[in-house]
Amino acid sequence: MICRVSPLHHVLPLCRQRCSAALCKPGSEMQAEFREGAASTTVAVVEDGVYPLAWAATHVWRGWQTLEGFTSPRHRRRGLQRWAASGLVVAGHLDLRRPVAVFAPACVELTRSLGFVESVLFQRRDGDWIEVRT
């Protein structure tokens, strides 16, 4: 297995297609980004041969650094999301000393375990993203 960190537009088309089809929430912004392949979003993709098993990505959103990701259900609880997120930290795309915005409760636990100073959960309500106390 390998973990590659790069701008999304540098990810090979077959990998982007597989991430879009199997490793994204249907209709999500990340699914569209993987499908279109033009974004400069930094992603870390964990692959087993030619098959992506997990990805993590970071953006700047409303002034926050963000962390989001997805792991194939068959490969969860094996540390792949932690590996992908760690790749973003090691490559200098995420700063543990700054707060990080996340969009799923499981990501709060992940960011805390990685050592971020603060994790802030946002969830979609009534068409907008609102901060949820954890």
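These numbers come from a predicted model, not from an experiment. Scope of the values below: all heavy atoms of this structure, side chains included, with no hydrogens, waters or symmetry mates.
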Quick one: does Gln81's side chain have a donor or acceptor within less than 3.5 Å of a partner on Trp55's backbone?
yes
Shortest non-hydrogen contact from Ala54 toward Leu23:
N-CD1, 3.9 Å
Using modelled atom types and a 3.5 Å cut-off, is there a donor and acceptor pairing between side-chain atoms of His75 and backbone atoms of Leu53?
no
Keeping Gln65 on the side-chain end and Arg98 on the backbone end, is there a donor-acceptor pair under 3.5 Å?
yes
Main chain of Val11, side chain of Arg16: is a donor-acceptor contact present, judged purely on distance under 3.5 Å?
yes
For residues Thr41 and Ala57, report the shortest heavy-atom separation together with the two atoms involved.
CG2-CB, 4.0 Å
Shortest non-hydrogen separation from Ala85 to Leu94 and the atoms involved
O-CD1, 4.4 Å
Among Trp129, Phe70, Trp64, ring-ring contact (aromatic ring centres under 6.0 Å, His included) partner for Phe103
Trp129
Taking all heavy atoms of Ala44 and all of Ala84, pick out the closest pair and write down the distance.
CB-O, 3.3 Å
Inspect the surroundings of CZ in Arg74 and state if more than 12 heavy atoms from other residues, nucleotides or ligands are less than 6.0 Å away.
no
Interatomic spacing from CD in Gln17 to SG in Cys19 - rounded to 0.5 Å:
10.5 Å
Treating Thr66 as the side-chain partner and Thr58 as the backbone partner, does any N or O pair qualify as donor plus acceptor under 3.5 Å?
no
Is Gln31 reaching over with its side chain to a backbone N or O of Gly27, donor-acceptor style, under 3.5 angstrom?
yes
Please give me the minimum heavy-atom distance between Ser113 and Leu110, naming the atom from each residue.
OG-O, 2.8 Å
Close side-chain approach of Leu12 to Arg4, heavy-atom, < 4.5 Å:
no
Considering all heavy atoms of both residues, which atom of Val108 and which atom of Ser119 are nearest to each other, and what is their separation?
O-OG, 4.1 Å
With no hydrogens and no angle check, do the side chains of His59 and Glu68 hold a donor and an acceptor under 3.5 Å apart?
yes
